[in-house]
There are 4 protein chains.
Amino acid sequence: MTDRSSWYCGAVSSPNRPLRVDAARNREHLLAAAEAEFAERGLSVSVADIALRAGIAKGTVFRHFASKEDLIASIVSGHLTALTGCAERLADAADPGDALWEFLSFAADQRHRHNIDFLWAVSEGDARVTELRDRLFSGIERLVVRAHQVEAIRSDVTASDVYLLMCAPVHAVENLPNPSPDLWKRYLGIIFDGLRPEGANPLSEPAPTVF
Amino acid sequence: MTDRSSWYCGAVSSPNRPLRVDAARNREHLLAAAEAEFAERGLSVSVADIALRAGIAKGTVFRHFASKEDLIASIVSGHLTALTGCAERLADAADPGDALWEFLSFAADQRHRHNIDFLWAVSEGDARVTELRDRLFSGIERLVVRAHQVEAIRSDVTASDVYLLMCAPVHAVENLPNPSPDLWKRYLGIIFDGLRPEGANPLSEPAPTVF
Amino acid sequence: MTDRSSWYCGAVSSPNRPLRVDAARNREHLLAAAEAEFAERGLSVSVADIALRAGIAKGTVFRHFASKEDLIASIVSGHLTALTGCAERLADAADPGDALWEFLSFAADQRHRHNIDFLWAVSEGDARVTELRDRLFSGIERLVVRAHQVEAIRSDVTASDVYLLMCAPVHAVENLPNPSPDLWKRYLGIIFDGLRPEGANPLSEPAPTVF
Amino acid sequence: MTDRSSWYCGAVSSPNRPLRVDAARNREHLLAAAEAEFAERGLSVSVADIALRAGIAKGTVFRHFASKEDLIASIVSGHLTALTGCAERLADAADPGDALWEFLSFAADQRHRHNIDFLWAVSEGDARVTELRDRLFSGIERLVVRAHQVEAIRSDVTASDVYLLMCAPVHAVENLPNPSPDLWKRYLGIIFDGLRPEGANPLSEPAPTVF
DNA sequence: TATGAATGAGCGTTCATTCAT
DNA sequence: CATGAATGAACGCTCATTCAT
């Protein structure tokens with residue numbers, strides 16, 4: 001899996017005009033500080049605390065992001081971009097079953113290491129996030145189509161199902177106060193077993209249409 | 001499955017002394033309004049909005065509950081009580097596999113209909129909630145032990161796993177803006193298939209200790 | 001000095017109509033509880049806490065006293081009544097100098113034991129308090145006149161001065177966190193020495209008119 | 001006696017960093033408005049009223065002072081600083097008796113013009129106030145030692161006595177609704193006569209230890 | 001008459017956001 | 001541009017007072 005340490009770079013979370021190098025650096029500090037604060041203390045951290053951690057003035061935050069919501073959407077966009085990139089890179093992997101597994105591992109690991117599930121809900125109305133989400137879903141669709149071709153997953157499971165179950169391992173783990181770092185793999189294992197053809201029982205409900 | 005429409009009644013979320021009928025009615029309105037507001041708009045709804053919805057004055061909320069946190073803990077306690085009761089009622093069911101399935105169905109249905117997962121975290125310090133959570137876990141342990149006896153679930157799965165995965169079907173469904181009411185059954189089906197012995201692959205991580 | 005333990009009885013703090021015995025008892029409990037709460041925790045104690053301590057319901061407080069201010073004025077009236085009674089009893093004492101000393105001792109002791117100086121300010125507008133204050137002042141005037149006759153106090157000192165300095169020993173002591181119970185006597189001694197003819201220096205300001 | 005009209009300037013009640021001129025002006029307005037409101041209406045004035053009087057928004061109060069208590073402590077600190085400075089300036093005055101008289105005059109005048117005795121109690125836990133109080137007491141000790149050397153005050157009177165009696169003239173005057181501006185001098189005269197050796201009677205209680 | 005549930009204005013405090021410096 | 005002072009609406013919560021029971 002490629003280096004994810006600088007996933008903020010790229011077209012999504014950048015403003016329209018190119019920034020001066022110091023402004024760009026401030027922006028990076030700010031995003032990193034915001035994510036860390038959110039992860040440690042939840043949605044209710046104040047913009048002042050984020051600015052303090054980033055080493056910039058409170059007012060400057062609003063020079064980079066129109067609002068706190070916009071800042072959150074930028075963080076989410078960064079993660080979404082990385083996740084979409086992962087799905088797209090795996091689109092032509094040799095083994096479609098392994099590719100799907102690897103994608104779900106990437107997704108869970110990312111969600112688990114950057115504890116930002118709660119940010120997701122806030123940014124649901126954001127246009128960038130919506131667009132990225134659609135791109136992500138397309139990527140998942142390709143992974144699922146190929147996985148079906150080799151019967152790596154049961155035939156009644158769709159891309160929507162994978163999309164919806166993507167975060168389930170992390171959610172399970174987050175019910176624990178101090179989960180061991182890789183515990184999510186246990187629940188991904190269980191859920192992935194549920195997605196496999198072997199031992200599959202019929203599902204009473206039809207698959208939903210996600211978007 | 002018994003009627004769950006009036007699970008607030010009972011010892012847990014009731015005050016020590018019997019209330020006057022009008023006070024009791026207000027209390028019920030309040031709990032229902034709070035739950036509805038939380039479900040629709042999240043943890044950040046104000047006590048004022050809850051009171052408005054309940055048709056009572058803001059100050060009255062604090063006559064019934066010492067704080068917003070206490071109100072939340074009371075809501076959570078109510079649900080936990082019902083869930084624990086369900087687990088305990090199923091402890092001696094004829095078919096342990098069906099019992100576990102039924103318990104997880106009850107849990108998912110309850111969680112889905114009362115969209116208050118995020119309240120859980122807030123009440124973690126509450127004594128009532130802690131005690132009920134332990135009782136719930138004991139109930140799950142008995143269900144899991146019996147399920148193991150008849151090999152209804154794979155041998156490497158523990159009560160902790162069931163506890164942690166309990167809400168996964170609901171979480172999956174909640175990523176959708178307007179999920180159909182029973183969609184959670186689809187994801188419970190998939191996850192339950194992952195818990196069954198058939199087609200189980202070894203898990204890379206050991207089971208955690210929940211408490 | 002006479003028994004001061006039941007100074008609440010009497011015309012001043014009684015309502016117009018005679019009370020039933022239980023109501024009268026409640027009223028006494030209430031006044032005692034209020035005074036104790038005020039003394040221990042200041043003006044900001046709530047009516048609820050007072051009622052709790054008195055063992056009656058909150059609403060009943062308002063059956064006895066029109067408002068919290070009225071309750072305070074009743075407490076102050078009780079003390080004022082006792083103090084006025086003391087002054088009047090001492091009006092014809094054998095030694096006018098001793099009488100004045102004894103009056104000031106009574107005043108200081110009362111103020112110190114019932115820590116209610118701050119209640120005074122609240123009840124300044126109360127009619128009963130105003131009337132009692134006038135009666136008290138008359139009593140002081142008689143004590144001072146007689147003290148002048150025997151030259152127990154310096155000639156340029158008036159009843160107004162005595163009235164205004166009455167609480168000074170207690171105020172001095174109250175700057176200490178844990179004053180010994182009789183420390184006020186030390187400061188009454190010093191101030192009384194200042195009131196004596198011996199070693200008196202001229203005063204730069206004329207005596208005020210109190211009322 | 002030096003000009004006391006701008007005693008707020010200086011290290012004590014100033015923040016660590018220099019303020020922008022507009023912020024400094026607001027801070028001064030705020031302190032003045034707070035003191036005036038407290039003096040006129042007591043401890044229970046709301047922060048909103050103080051802000052209104054200062055012509056700033058309520059939230060701005062909390063930019064300058066962490067809490068209402070901190071604001072009060074800052075006011076008290078300002079007065080204490082001025083008072084301590086006065087005591088220290090008088091430490092080497094030519095006539096120790098005059099020096100003590102002048103100190104007590106300064107104290108009474110300050111207390112009388114800024115009617116904030118009741119703020120004192122609130123700030124008792126404040127570190128700045130505690131330290132200043134100790135410095136003030138040391139200053140008083142020096143004044144008293146020197147006064148004893150020239151027998152300007154009676155031998156059985158201590159620095160603690162002077163400290164405790166410091167505000168007595170003002171307290172006396174404050175029992176009057178509209179005292180003339182210099183009336184406190186009358187009561188300082190009486191009390192100071194009580195502190196002199198001439199005509200002193202033995203005191204029944206030993207001097208307390210203030211700190 | 002006594003109760004205590006209900007009220008609602010008011011409290012101290014926080015914080016996203018704006019804008020003069 | 002960056003700053004941080006100012007804003008003001010909103011928050012959770014308290015409490016004297018009222019009034020239905």
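Letters A, B, ... are given to chains in the order of the sequence lines, protein chains preceding strands, and every chain is numbered from 1. Keep in mind that the numbers below use all heavy atoms, side chains included, and drop hydrogens, waters and symmetry copies.
- Residues Ser67(A) and Phe62(A) share a closest heavy-atom pair of CA-CE2, 4.1 Å.
- For Glu37(C), the salt bridge (Lys or Arg N to Asp or Glu O under 4.0 Å) partners are Arg41(C), Arg53(C), not counting sequence neighbours.
- Each of Phe62(D) and Val61(B) was assigned the nucleotide of DNA chain E with the nearest heavy atom; the assignment lying further toward the 5' end belongs to Val61(B).
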Inset, instruction - Using Watson-Crick or G-U wobble pairs with both distances under 3.5 Å, give me DNA chain E in dot-bracket, 5' to 3', with [ ] for crossers and | for pairs to another strand. - result: .||||||||||||||||||||
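- Pairing each heavy atom of Arg111(B) with each of Glu174(B), the nearest pair is O-OE2, 4.2 Å.
- Here His64(D) reaches the OP1 or OP2 of dA6(F): one of its side-chain N or O atoms lies under 4.0 Å away.
- Remark: C1' of dG12(E) and CG of Asp70(D) are 13 Å apart, rounded to the nearest angstrom.
- A heavy atom closer than 4.0 Å to some atom of DNA chain E occurs in Ala57(C), Lys58(C), Gly59(C), Thr60(C), these being the qualifying members of residues 41-60 of chain C.
- Look at CD on Glu69(A): it is 15 Å from C1' on dC15(E), rounded to the nearest Å.
- Contacts of Phe38(B) classified as side chain to side chain contact (heavy atoms under 4.5 Å, CB included), with partners at least two apart in sequence or in another chain: Ala34(B), Leu43(B), Val45(B), Ile50(B), Lys68(B), Ile72(B), Ile75(B), Phe118(B), Leu119(B).
- The distance from atom CZ of Arg25(D) to atom C1' of dA6(F) is 12 Å, rounded to the nearest whole Å.
- In this structure Glu131(C) satisfies the side chain to side chain contact (heavy atoms under 4.5 Å, CB included) test with no other residue, sequence neighbours excluded.
- Among residues two or more places apart in sequence or in another chain, the side chain to side chain contact (heavy atoms under 4.5 Å, CB included) test is passed with Ala48(A) by Ser46(A), Lys58(A).
- Whole-Å rounding puts the Phe65(B) CZ to dA5(E) P distance at 13 Å.
- In this structure, Arg133(B) CZ and Asn175(A) CG are separated by 10.0 Å, a value rounded to the nearest 0.5 Å.
- Atoms CG (Leu30(A)) and P (dT3(F)) sit 11 Å apart, rounded to a whole Å.
- Atom pair His29(B):NE2 and dT7(E):C1' shows a separation of 18 Å (rounding to whole Å applied).
- Rounded to whole Å, atom P of dC15(F) lies 12 Å from atom CD of Glu37(C).
- Within the model, atoms CG of Leu71(B) and CG of Leu30(B) stand 5.5 Å from one another, a figure rounded to the nearest 0.5 Å.
- Remark: C1' of dA16(F) and NZ of Lys68(C) are 8 Å apart, rounded to the nearest angstrom.
- The Arg63(B) side chain lies nearest to dA5(E) when the options are dA5(E), dT3(E), dT3(F).
- With rounding to the nearest 0.5 Å, the separation of CH2 in Trp120(B) from OG in Ser123(B) is 8.0 Å.
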